Peer 1: 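Structure incoming, see below.
Start at 1 and go down the list; that is how both ligands and their atoms are numbered. Keep in mind the model is a prediction, meaning the values are calculated, not measured.
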Amino acid sequence: MDSLLDFTDKVVLITGAASGFGKQLAIDFSARGAKLVIGDLNIEGLNAVAETLAGPVTVIKCDVSKEDECKAMVDAAIENYGQLDIAINNAGISHGYIPLHQMTDEIMDLQFDINIKGVVYGMKHQIEAMMPKGDGVILNVSSMAGLGGAPNISAYSAAKHAVIGLTKTAAVEYARKGIRVNAVCPFFTLTPMVADGELIGDTKESTQEILARSCPMKRLGQPVEITNVMLMMCSPGNSFMNGQCIAVDGGMSAM
Ligand SMILES: NC(=O)c1ccc[n+]([C@@H]2O[C@H](COP(=O)([O-])OP(=O)(O)OC[C@H]3O[C@@H](n4cnc5c(N)ncnc54)[C@H](O)[C@@H]3O)[C@@H](O)[C@H]2O)c1
């Protein structure tokens with residue numbers, strides 16, 4: 001295996017691993033030798049992912065909006081494998097398309113609790129576990145909606161901007177402790193979140209065409225096109241990238 005993508009015996013924690021990016025990451029890290037701790041609200045989905053993996057995996061039901069459940073994932077990494085090397089704060093939710101003047105407290109609270117607090121709780125305990133050994137990698141999942149305005153998903157956009165603030169701040173705070181913290185910012189990608197999401201056209205296909213219009217490549221991303229970049233960002237060879245929020249967007253941010 002190319003050493004740049006060799007994760008042999010690395011202990012990797014992934015939230016939201018029952019579906020989409022998290023599921024693909026579990027498959028890819030495991031295939032490259034990692035020992036996994038995977039969490040999600042959806043325990044059946046997690047177990048189905050775990051059954052496809054050949055390597056060591058610990059499955060934990062984890063709602064990232066609950067601090068004790070985020071801590072339990074980190075504790076499991078330490079108890080089962082003795083350390084935590086890489087943590088990916090990937091769990092997240094979108095919300096229905098709604099103009100800002102109709103925004104509700106319920107939508108805002110869910111975005112805050114899951115997409116922001118979930119990342120804070122995760123990083124808090126992951127950093128604590130990584131500090132004693134003086135190295136670690138944290139990758140947060142933001143969005144293109146975290147780098148710019150996102151019409152009709154303002155609460156999601158605000159939450160994903162917050163993930164970038166948290167990422168940059170943690171990167172600066174813990175750089176001297178040997179912990180790198182970065183974020184990935186995908187454009188719309190065909191995970192279940194988008195493929196089975198709210199229709200804005202008459203059909204799924206026309207909805208995807210509408211979403212793809214703002215992308216220079218005029219298509220949506222495939223999950224593996226995002227997770228390949230995430231693997232590279234976690235690579236042991238990528239040791240000087242810190243505090244970066246990397247767009248994977250078919251060229252959208254170049255316009
Ligand atoms: N798909 C896209 O177009 C896109 C673009 C940019 C960013 N993202 C982000 O990527 C991340 C992964 O999303 P995805 O596209 O794979 O979607 P997905 O819906 O396929 O997967 C998300 C997973 O997170 C889990 N989850 C939801 N709430 C949770 C909670 N409170 N605690 C633990 N797990 C929870 C779900 O059960 C699901 O398994 C999210 O943070 C999302 O905001 C997605």
Peer 1: Give me each pair satisfying side chain to side chain donor-acceptor pair (under 3.5 Å) with a member in residues 123-138, each pair once, sequence neighbours excluded.
Peer 2: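 Qualifying pairs, neighbours excluded: Glu67-Lys124, Glu67-His125, Asp85-Lys133, Asn89-Gln126, Lys133-Asp135.
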Peer 1: Check the pair Asp40 / Lys23 against salt bridge (charged side-chain N to carboxylate O under 4.0 Å, His left out), numbers first and verdict last.
Peer 2: CA-CA 10 Å; Asp40 203 292; Lys23 173 180 174 178; over 6 Å; no
Peer 1: Restricting to pairs with a member in residues 11-44, which pass ring pair (Phe, Tyr, Trp, His ring centres under 6.0 Å), not counting sequence neighbours?
Peer 2: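 For residues 11-44: Phe7-Phe29.
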Peer 1: Is Met241 atom CE crowded by more than 12 heavy atoms from other residues, nucleotides or ligands, each under 6.0 Å away?
Peer 2: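 Check passes, neighbour count above 12.
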Peer 1: Show, in sequence, the C-alpha distance, side-chain angles and deciding distance for Asp63 and Lys66, and conclude whether the salt bridge (charged side-chain N to carboxylate O under 4.0 Å, His left out) test is met.
Peer 2: CA-CA 6 Å; Asp63 176 348; Lys66 301 197 169 110; 3.5 Å; yes
Peer 1: Once side chain to side chain donor-acceptor pair (under 3.5 Å) is applied, what residue pairs with a partner in residues 224-248 remain, sequence neighbours excluded?
Peer 2: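 Applying side chain to side chain donor-acceptor pair (under 3.5 Å) to every pair that reaches into residues 224-248, excluding sequence neighbours, yields Arg219-Glu225.
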Peer 1: Enumerate the protein residues lying less than 4.0 Å from ligand 1, judged by heavy-atom distances, in chain and residue-number order.
Peer 2: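 Gly16, Ala18, Ser19, Gly20, Phe21, Asp40, Leu41, Cys62, Asp63, Val64, Asn90, Ala91, Gly92, Ile93, Ile114, Val141, Ser142, Ser143, Tyr156, Lys160, Pro186, Phe187, Phe188, Thr189, Thr191, Pro192, Met193, Val194.
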